[in-house]
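All figures in this text were calculated on a predicted structure; none of them were measured in a lab.
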Amino acid sequence: MPLPDPAPDTAALRFPPGFHWGAATSAYQIEGATAEDGRTPSIWDTFCRTPGKVHGGDTGDVAADHYHRLREDVRLMAELGLTAYRFSIAWPRVQPTGRGPANPRGLDFYRRLADELLAAGITPVATLYHWDLPQELEEAGGWPQRRTAEHFAAYAALAGEALGDRITRWTTLNEPWCSAFLGYGSGVHAPGRTDPVAALRAAHHLNLAHGLAVTALRSVLPAGAEVSVALNAHALRPLTPSAADRDAVRRIDAVGNRVFLGPMLDGGYPADLLADTAHLTDWSFVHSGDQAAIHQRLDWLGVNYYTPTVVSATPEDAEPARADGHGAGGASPWPGADRVGFHQAPGERTAMDWAVDPSGLYELLTALARSHPELPLMVTENGAAYPDGPGPRGSVDDPRRTAYLHAHLAAVHRSVVDGADVRGYFAWSLLDNFEWAYGYSRRFGLVHVDYRTLARSPRSSAHWYARVARTGVLHPPGAG
């Protein structure tokens, strides 16, 4: 896909023909209807009802009510010129106990969604797992147990067989790092456990679930269907150039990135990760044949990025800094790296207190392109939370979000010019939604949602992004 020579930052940048312009959401964050049409509780329904776990006691019971407003939301996507929509399928909606037969009413919802998208000329991109494990499977041991991976593969086959005539682009897992290490390590995400060994076991079984699901999907999907995974790879930087801080980067790269990239893309866990965590586990939960099962061909790799991660070594007589951007849990989500400190990157911050730094996205994309040049990439999540609400005339102006998106899309364009095979970009998020442990206190949406009335109001960033999506040209914010 030829591109013109890089243009100055003040000029328009043209993306390759066929580049996918999308937005992303997840089931628990927008659907609501958590007890309708046969859906059973997920770990997030349970976690939300645990006092003190979610800001304001918020839940996803209603969220943005996408379940009942499906057609309205697809019309919004069409008005914004989106060519692709990335959403997740709620496991407890289509297979309520996490095993056994499908729930026809749950599948029918996703059939209707796919049909509406296709009629609007929008490619559906389905994620099988965005953190809503059926509660019944958690009570049987959850992701630290091998059986959960096997159940996931059966669920993948069920979903692929039922929906593969409509949906030809699939993602197995979204950000398994969060599922494993925030859910079972630090406890700031569901199910709220704080056990470093359980977190490592969960990471392995999520890897295994991915590999088994890729095989299961390919056994039922039509020829030409695409299968991927979406990882929140950390863009890592040492606080200082010292050897100790560079080793801190290595440790976090091992447990933050290569714990998934290694087995998924290279066929095995990195030796330094096993050494770093040897005091916790001998990794005997990795069975013969597992790494071959995990190492499956992908059609593309999803990259989720928001902000860089700055780390340092911590002296034995000091407490490590914990500004890792992943909530204020008492336990660490970084097994084997307990002495690593985390620091806020410099610069402007979003409402999540995350630094705005698009260079990290460029670094990730170009590094992955160098290490795996055969593998196309998609930016499957990127966006910013700001507290922008309607003004006196009802319009919702959010120039900071527009500037954020512009800067990060410019970084994507630069990576393409420099040789990265990036095929698309999905803004996070289409709608304001339930932001996990932050409840409804953080707003990422291109579209503002009034949580009292559930009225949708596209922000100025949405109108700006619509122009980019329709033309494939990135103009500076405010350009005519």
* Are D108 and R112 within salt-bridge range, i.e. N to O under 4.0 Å? -> no

* Hey, is the main chain of G60 close enough, under 3.5 Å, to the side chain of Y28 for a donor-acceptor pair? -> yes

* How far does CD1 of I252 sit from OG of S312, to the nearest 0.5 angstrom? -> 10.0 Å

* Asked: Can you check whether F19 reaches V422 side chain to side chain, under 4.5 Å on heavy atoms?
  -> yes

* Do the non-hydrogen side-chain atoms of H66 and F87 ever get within less than 4.5 Å of each other? -> no

* Which word best sums up how the rings of F15 and H413 line up, parallel for under 30°, tilted for 30 to 60°, or perpendicular for over 60°? -> perpendicular

* To do: Give the C-alpha distance, both sets of side-chain angles, the deciding distance and a yes or no for side chain to side chain donor-acceptor pair (under 3.5 Å) between N103 and Q95.
  => CA-CA 6 Å; N103 171 26; Q95 197 184 37; over 6 Å; no

* Taking only Lys NZ, Arg NE, NH1 and NH2, and the carboxylate oxygens of Asp or Glu, determine whether D357 and R237 approach each other closer than 4.0 Å. => yes

* Student check: side-chain heavy atoms of L137 and R99 closer than 4.5 Å -> yes

* To do: Give me the ring orientation class for W334 and H234: parallel if the planes are under 30° apart, tilted from 30 to 60°, perpendicular past 60°.
  => perpendicular

* **Ring geometry between W436 and W44 (parallel below 30°, tilted from 30 to 60°, perpendicular above 60°)** => tilted

* Asked: Within the side chain of Q29, is there an N or O that forms a donor-acceptor pair under 3.5 Å with the backbone of F434?
  -> yes

* How many angstroms lie between atom OG1 of T277 and atom CG of L200, to the nearest 0.5 angstrom? -> 5.5 Å

* Asked: How about S228 and T171: does a side-chain donor come under 3.5 Å of a side-chain acceptor?
  -> yes

* Please list all pairs passing the side chain to side chain donor-acceptor pair (under 3.5 Å) test where one or both residues lie in residues 369-378, with sequence neighbours left out. => D266-H372

* Determine, step by step, whether T148 and Q145 satisfy the side chain to side chain donor-acceptor pair (under 3.5 Å) criterion, reporting the C-alpha distance in whole Å, the side-chain angles of both residues, the deciding distance to 0.1 Å, and the verdict. => CA-CA 6 Å; T148 305; Q145 295 300 314; over 6 Å; no

* Quick one: does Y425's side chain get under 4.5 Å of L409's, heavy atoms only? -> yes

* Structure fact -> In this structure, OG1 of T97 is separated from NE2 of H151 (nearest 0.5 Å) by 8.5 Å

* **Check: V227 and W300 side chains under 4.5 Å, non-hydrogen atoms** => no

* Answer yes or no: are there more than 12 heavy-atom neighbours, outside E226 itself, under 6.0 Å from its atom CD? => yes

* Are R250 and D276 ion-paired here, with the side-chain N under 4.0 Å from a carboxylate O? -> yes

* Report the distance from atom CG of L405 to atom CZ of R401, rounding to the nearest 0.5 Å. => 7.5 Å

* To do: Please tell me if the side chains of L431 and D73 come closer than 4.5 Å, counting only heavy atoms from C-beta onward.
  => yes

* In terms of side-chain geometry, is the basic nitrogen of R322 or D324 positioned less than 4.0 Å from the acidic oxygen of its partner? -> no

* Do the rings of W283 and Y269 sit parallel, tilted or perpendicular, given the 30° and 60° boundaries? -> tilted

* **Any donor-acceptor N/O pair, T50 side chain to T46 backbone, under 3.5 Å** => yes

* Look at R193 together with E138 and state whether they make a salt bridge at an N to O cut-off of under 4.0 Å. => yes

* Is it true that a side-chain atom of T83 and a backbone atom of W21 form a donor plus acceptor pair closer than 3.5 Å? -> yes

* Is it the case that N304 and E175 place a side-chain donor and acceptor less than 3.5 Å from each other? -> yes

* So, R39 and D45, do they make that salt bridge, N to O below 4.0 Å? -> yes

* R258/D272 ion pair, N-O < 4.0 Å -> yes

* Asked: Regarding Y129 and N174, is there a side-chain donor-to-acceptor distance under 3.5 Å anywhere?
  -> no

* Asked: Do S42 and Q135 get their side chains close enough for a donor-acceptor pair, meaning under 3.5 Å?
  -> no

* Asked: Should the ring pair H189 and W131 be called parallel, tilted or perpendicular, given that the plane angle runs from 0 to 90° and is split at 30 and 60?
  -> tilted

* Asked: With under 30° as parallel and over 60° as perpendicular, where do the rings of W143 and W91 fit, or are they tilted in between?
  -> tilted

* **Beyond-backbone contact of D338 with T314, side-chain heavy atoms, under 4.5 angstrom** => no

* Are the charged groups of D299 and R218 less than 4.0 angstrom apart, N to O? -> yes

* Are any side-chain N or O atoms of R169 and backbone N or O atoms of T123, one a donor and one an acceptor, separated by less than 3.5 Å? -> no

* **From L368 atom CG to E363 atom CD, the distance as rounded to the nearest 0.5 Å** => 11.5 Å

* **Aromatic ring proximity Y404/H408, centre distance under 6.0 Å** => yes

* Just jot down the side chain to side chain contact (heavy atoms under 4.5 Å, CB included) partners of A120, sequence neighbours excluded, or say none. => V74, A78, I122

* Nearest-0.5 Å distance that lies between atom CZ in R111 and atom CZ in R166 -> 6.0 Å

* Please work out whether the ring planes of W354 and F444 are parallel, tilted or perpendicular, with thresholds of 30° and 60°. => tilted

* Determine, stepwise, if the pair N232 / Y306 fulfils side chain to side chain donor-acceptor pair (under 3.5 Å). => CA-CA 9 Å; N232 58 319; Y306 294 91; over 6 Å; no

